[in-house]
Amino acid sequence: MKLNFIPIDYSYFDFEGRNYAKIIGRDENGKRVCIIDSCPVYLWAVLKDELSRSKINSLIKEIEKISLDTKGRKTEVEKVELREKNFLGKKVKALKVFATNYKDLHDIADKLGMPEIEKRRGYDLGFITHYIIEKKLKPLSWYEIDGELLNNSQEFGGMDSVLEVDFCVKVEKIRETETKKFKPKVLAYDIETDAFKIGEGEILMISLVSDNFKKVLTYKSPKEIETDLEYVEYVKDEAELLEKFVEYVKKISPDFLVGYFSDGFDLPYLKARAEKFNVKLSLGLDGSQPKFSNGLNIIAKINGIVHIDILKFIRSVYSQYMQSETLSLNEVAKEFLGDSKKEFKHKHSSKIAQDEWEKYYEYNLHDSILTYGLFEKFWPDLSEFTKIIQEPIFNVSRNGMSANVEDYIIHHLEKFNEIPEKRPMYNEISERKSREKYEGAFVFQPTPGLYENLAIFDFTSMHASIIVNYNLSKSTLLEKNEKNCYESPELELNGKKTKFYFSKKSGFFPELLKEIVELRKKYKRELKANEQKTGNFLTNLTGNQIKELKTDAVNPILNKGEQKTGNFLTNLAGNQIKARSNAFKLLANAYYGYLGFFGARYYCVEAAASTLAFVRKYNKETIENVAKEGCKVIFGDTDSVGFLLNKKSKEETLKFLKKLNEKLPGIMELELEDFYKRGIWVSKRTGEAGAKKKYALIDEQGRLKIRGFETVRRDWCALARELQNNIIKQILKDGNEKKALESLKEIIKKLKQREINIDKLIIRTQLKKPISEYKNISPHVIAAKKMMEQEIPISQGNLVEYYIAETKDKKKLVRDKVKLPNEKGEYNMEYYLAHQILPAVENIFQVFNVNIKEIVDGKKQMTLGEF
DNA sequence: GGAGGTGACGTACC
DNA sequence: ACCGGTACGTCACCTCC
């Protein structure tokens, strides 16, 4: 039979000693299809130079005799072929050694210790990776499949009759075909429990949300009177709840089962409770139960249905570009959907009042609605990433950016005829980790002050363009200076001043990055054209988002609020181009990190250190050039320079930018970040010097850009943050400190009259490790201990909230005054004044030679006098 | 038993 | 174990007198 097919979930199985890929997807009618296919598995034996043909022939004969009988399985070398390949850019002769079962490639590699063999490679790729490379059946692309329909066939042990799919096909031929419409079936879920520790409390209810489907399953009902909420369905008890959950998943039969933190919570919890009640959680299309990886970072897999923990994708790909201070569902939903969790105060089910249960159902349902919304929102990004990386979406959605970069490289080696490098061994990793650090980027020393009329230039994808431009990588690194090669600036590595040299002959690693950068440019152009055509893009943005657009047209944050405007569905093509452009950009930006990542196959400190040496050189040179032009430099960090216009008009400044660009090599490019009306830089708390990485700017439209200040630090209380923000805003608007001073006085007065709400005084700090591992017992550790005592769930990675209270006895340490938000007490006025308010604003007023301490002390005396 | 230096810790910038 | 160097700032801890 023939069918059109889009692959979604990949797994493999062994049958009669061989590996088969079992791929679940859909046909163009939305029917669920399983295809089964095999592919040859092999590893590479790279030969030493200058081996004679006869020597190679006898080696091949020797290798062909290898067979293994371990792990209850017979594997043999089935075939050996001699090939001309490249390894790390070098031409090599290599033997392609085919084996029966991919799981034995490692053991076969161990048997290839012959002196003629230089290296063994390619035995550490997963079978699915191997399969996708061999058969070019890339996830989420469309294919025309020729194959044999399996209908209660005995082939593969009668597998097709067990699988809950519409067709099961044994593949004969695969041909790529044009893209067709694909709207995935998505089911979001969320559970509510009586305890946070996995399996330790009852599961009270489970919500399910899909297209035109809402459900809350529960056996907890108020006063045995059933609710009016039409989406609530009652079951007998917890065991039936679990059974019903499985039943609904099977009935809806989604491509994606989506949760938020569901790898670490919902699915493990369901499993634990199912075990307790002896319920089979047979969610898999083959009837299997979810499988969990062990370790700190749990991964939960369901056969045939892609389980997505959308938190993981958001965290690894987008968190650095987000403004949310935590990755809680509430904050993330607010940022991307403009919606938040329903109010509900958690308590043990035995303490929930009769009339509170309906609120609890709504709360539970809404979490699934938000999760569903986030999946919808990130679907273009998720699917574009998957298509680009070419690994299954299950992996791409969980991988860190380094792993995604590596997978991209692995899937694109073929056109360079490259043999893949191996993963580093444990000892290599520790060696890499323990090596001395190399020098990072350059940060300009600012002078405190208020400045007017500034411009900021920055380099676009600076690290990437340097890697491309100077051909930096493991395979292009030369052992010594050669004629006509790239030479890094002088740098220090392992305490030695040195330089590194890189070949001018293009290497596959920088070449791939060059392609990524070019594709990113291409799709960015398409995106712009599409926006102009549809014209409905800018209208949906807030002022701040338009501003972001100016600096970076595909910042993912731009996608905020689209759900509300209905843009998501009507402008799907535009969203896809945006997501694609964005994915290439993120990939390009992660490339440098990959070079210096200890777990990378293509790790290369020399290249990473050289990249940074070039980064420093270009930044410093740009700063010098700006100064030479007569513009006073105010700021500079890594890839940017900020300066005073010095009577230059904007046009002249842009002309100057053009001049600077003409001198830059290759794809390196300096661009205008923006013009600013005013900017403020303050001194450090200790000493006179200007603080680096701390500044605030205002543009002509009155929009603020604040970096590094307490305003943007989550471990300061809201009162200090909001006050500082207001003061910065007023100063930058007015150009003087007069009004700002008044708002400060007002806040101090309120603080002293105890009019400040405790909410504004809560300090939030993350518990970064288990309580017992802290050497210094700081306030947040005390707060965490108090939470433990009160049995409030708290563990590594959680935010701890507390405030500093007045104490009866004069205690010296801050930690002795810590109280949890639920503890009664009065806020410690002295503390908030001296340790939150003043430090946040002191240096700002210092710029105007206003000494806040004197004013505050004066006030204090005055208030004391009043009493 | 207070001053002052240092280290641990958390967070931000790019 | 899943990017890492530069930088700021707080608080506890330690040493010194």
Between A/Ala441 and A/Tyr594, just flag the one whose closest nucleotide in DNA chain C comes earlier from the 5' side.
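Of the two residues, A/Tyr594 wins.
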Between A/Gln445 and A/Thr638, which is nearer to the 5' end of DNA chain C once each is assigned its nearest nucleotide?
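Upstream on the strand: A/Thr638.
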Given atom [atom1] of [X] and atom [atom2] of [N], what is their separation to the nearest angstrom?
| X | N | atom1 | atom2 | answer |
| --- | --- | --- | --- | --- |
| A/Lys433 | C/dG5 | NZ | C1' | 17 Å |
| A/Tyr592 | C/dC3 | OH | P | 13 Å |
| A/Asn404 | C/dC3 | CG | C1' | 13 Å |
| A/Asn776 | C/dA12 | CG | C1' | 5 Å |
| A/Tyr832 | C/dC11 | OH | P | 11 Å |
| A/Asp458 | B/dC14 | CG | P | 9 Å |
| A/Glu406 | C/dA1 | CD | C1' | 13 Å |
| A/Lys812 | C/dC11 | NZ | P | 15 Å |

So, A/Glu331 and A/Arg714, do they make that salt bridge, N to O below 4.0 Å?
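A salt bridge is absent here (no side-chain N lies under 4.0 Å from a carboxylate O).
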Assign [X] to base, sugar-phosphate, or nothing according to its heavy-atom contacts below 4.0 angstrom with the strands shown.
| X | answer |
| --- | --- |
| A/Phe442 | nothing |
| A/Ile777 | sugar-phosphate |
| A/Lys312 | nothing |
| A/Phe459 | nothing |
| A/Leu813 | sugar-phosphate |
| A/Tyr603 | nothing |
| A/Gly708 | sugar-phosphate |

Indicate the ring-plane relationship of [X] and [Y], choosing parallel, tilted or perpendicular according to the 30° and 60° boundaries.
| X | Y | value |
| --- | --- | --- |
| A/Tyr594 | A/Tyr591 | tilted |
| A/His463 | A/Tyr592 | tilted |
| A/Tyr602 | A/Phe509 | tilted |
| A/Tyr618 | A/Tyr470 | tilted |

Measuring to OP1 and OP2 of [N], would you say a side-chain N or O of [X] lies under 4.0 angstrom away?
| X | N | value |
| --- | --- | --- |
| A/Lys694 | C/dC8 | no |
| A/Gln320 | C/dC3 | no |
| A/Tyr831 | C/dC11 | yes |
| A/Lys693 | B/dT11 | no |
| A/Tyr695 | B/dA12 | no |
| A/His780 | B/dC9 | no |
| A/Arg685 | C/dA7 | no |

Between [options], which nucleotide has the shortest distance from any of its atoms to the side chain of [X]?
| X | options | value |
| --- | --- | --- |
| A/Phe597 | C/dC8, C/dC2, B/dC14 | C/dC2 |
| A/Arg707 | B/dC9, B/dC13, C/dC3 | B/dC13 |
| A/His835 | C/dC11, C/dG9, B/dG10 | C/dC11 |
| A/Leu799 | B/dT11, C/dG9, C/dG4 | B/dT11 |
| A/Pro839 | B/dA12, C/dT6, C/dT10 | C/dT10 |

Donor-acceptor pair under 3.5 Å, A/Arg714 side chain vs B/dT11 base:
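Donor-acceptor pair under 3.5 Å: no.
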Using the side-chain contact (heavy atoms from CB on, under 4.5 Å) rule, take A/Gln390 and A/His412 through it: C-alpha gap first, then chi angles, then the decisive distance, then the call.
CA-CA 9 Å; A/Gln390 298 185 19; A/His412 287 81; 3.7 Å; yes
Axial cation check for A/Tyr774 ring with A/Lys769, 6.0 Å and 45° limits
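Output yes; distance and angle both within limits.
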How far does the P atom of B/dG10 sit from the matching atom of C/dC2, given to the nearest Å?
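It works out to 16 Å between them.
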